[in-house]
Amino acid sequence: MSTKTTKKKHVTRETLETDFIPQNGQFIAKVVGARGANLHEVLGQDGQPTIVSMPNKFRKTVWIKRDCFVLVDPIEEGNKVRGEIAAVLLADNIQFLKQRNLWPDLFTESKGDASYGDVESMMPPADSEGEDGSSDDLVCNPNRPPPATTPSDSSSSDDSGQDA
């Protein structure tokens, strides 16, 4: 039996190093939004919104956000959930699929597609701070307002330094 860390390492390696090609009815979809309970709404190649589930192996290992691309295994017997995420497509995977002419025309955008599947944005933030000890690389929570700073605070600290 593998530990959580070993499973996470293998899933991360698979996500980063494998070139995925749709097989056996799989299709490429664009994530439109999260529905909760590890369910995501995706836009399939036919342009129809579909609900797909995230398997256990991806949970808390790979983050999926809006406008990411995924490879989906269809589920025929589902009423609401019509598929399961087989792989998360990063920028390298998207470029590989475009070179092989497997990329759907529906998802071809005029702006740079390099923003889709950015490796750093797909992985959870690291527990430790950066090499220089700064925490500038930490992901900001967009649901929280930025900390308020007042100009009077910085000027009062400058004045106290001059007196000494």
Side-chain angles (χ1 to χ4, degrees), residues 1-131 135-143:
M1 181 173 233
S2 300
T3 63
K4 289 181 183 179
T5 306
T6 305
K7 289 179 183 179
K8 187 174 184 176
K9 179 178 75 172
H10 290 295
V11 170
T12 303
R13 182 179 298 147
E14 177 188 1
T15 301
L16 294 175
E17 296 177 0
T18 305
D19 290 326
F20 299 102
I21 297 176
Q23 301 173 15
N24 301 331
Q26 292 178 333
F27 62 93
I28 298 169
K30 181 178 181 177
V31 177
V32 177
R35 293 288 175 209
N38 294 305
L39 297 176
H40 297 275
E41 184 176 357
V42 299
L43 188 64
Q45 292 178 356
D46 56 358
Q48 297 296 321
T50 305
I51 304 290
V52 297
S53 66
M54 179 185 288
N56 286 334
K57 74 176 189 175
F58 290 130
R59 297 177 188 174
K60 297 184 182 178
T61 304
V62 179
W63 290 0
I64 298 175
K65 59 184 183 179
R66 196 173 327 134
D67 294 333
C68 291
F69 291 97
V70 293
L71 190 63
V72 177
D73 283 325
I75 299 175
E76 299 302 326
E77 64 272 1
N79 291 333
K80 292 184 180 180
V81 179
R82 303 294 295 174
E84 183 175 67
I85 297 172
V88 178
L89 301 176
L90 303 176
D92 294 339
N93 303 120
I94 293 170
Q95 184 179 12
F96 176 78
L97 291 169
K98 285 182 179 180
Q99 289 173 352
R100 299 203 183 257
N101 294 325
L102 296 173
W103 191 252
D105 293 333
L106 177 66
F107 302 134
T108 303
E109 303 241 350
S110 59
K111 63 180 183 177
D113 289 331
S115 64
Y116 295 123
D118 180 25
V119 173
E120 295 301 321
S121 67
M122 298 297 291
M123 297 298 163
D127 292 336
S128 62
E129 294 180 353
E131 293 176 5
S135 60
D136 294 339
D137 295 337
L138 294 178
V139 177
C140 294
N141 185 350
N143 297 326

- Query: With a 4.5 Å limit on heavy-atom distance, are the side chains of Leu97 and Pro22 in contact?
  - Reply: yes

- Query: Atom OG1 in Thr15, atom CG in Asn93: separation rounded to 0.5 Å?
  - Reply: 8.5 Å

- Query: With a cut-off of 6.0 Å (strictly less than), are more than 12 heavy atoms of other residues, nucleotides or ligands near CZ of Arg66?
  - Reply: no

- Message: With a 4.5 Å cut-off on side-chain heavy atoms, are Asp73 and Gln26 touching?
- Response: yes

- Just how far is it from atom CG of Leu89 to atom CG of Asp19, taken to the nearest 0.5 Å? 10.5 Å

- Report yes if the side chains of Phe58 and Asn38 come closer than 4.5 Å at any heavy-atom pair, otherwise no. no

- Check: Gln95 side chain, Asp92 main-chain N or O, donor-acceptor pair, under 3.5 Å: no

- Task: With the side chain counted from C-beta on, respond yes when Trp63 and Val88 share a heavy-atom pair under 4.5 Å apart, and no when they do not.
- Result: no

- Nearest-0.5 Å distance that lies between atom OG1 in Thr50 and atom NZ in Lys80: 14.5 Å

- Message: If you count heavy atoms of other groups shown closer than 6.0 angstrom to CG of Asp46, is the number above 12?
- Response: yes

- Item | Residue from Val52, Ile64, Ile51, Ile85 passing side chain to side chain contact (heavy atoms under 4.5 Å, CB included) with Val42 | Val52

- Query: Is there a side-chain contact between His10 and Glu14, using heavy atoms and a 4.5 Å cut-off?
  - Reply: no

- Measure from the side-chain N and O atoms of Arg82 to the backbone N and O of Gly78, and report whether any donor-acceptor pair falls under 3.5 Å. yes

- Message: To the nearest 0.5 Å, what is the distance between CD1 on Ile28 and CZ on Phe69?
- Response: 9.0 Å

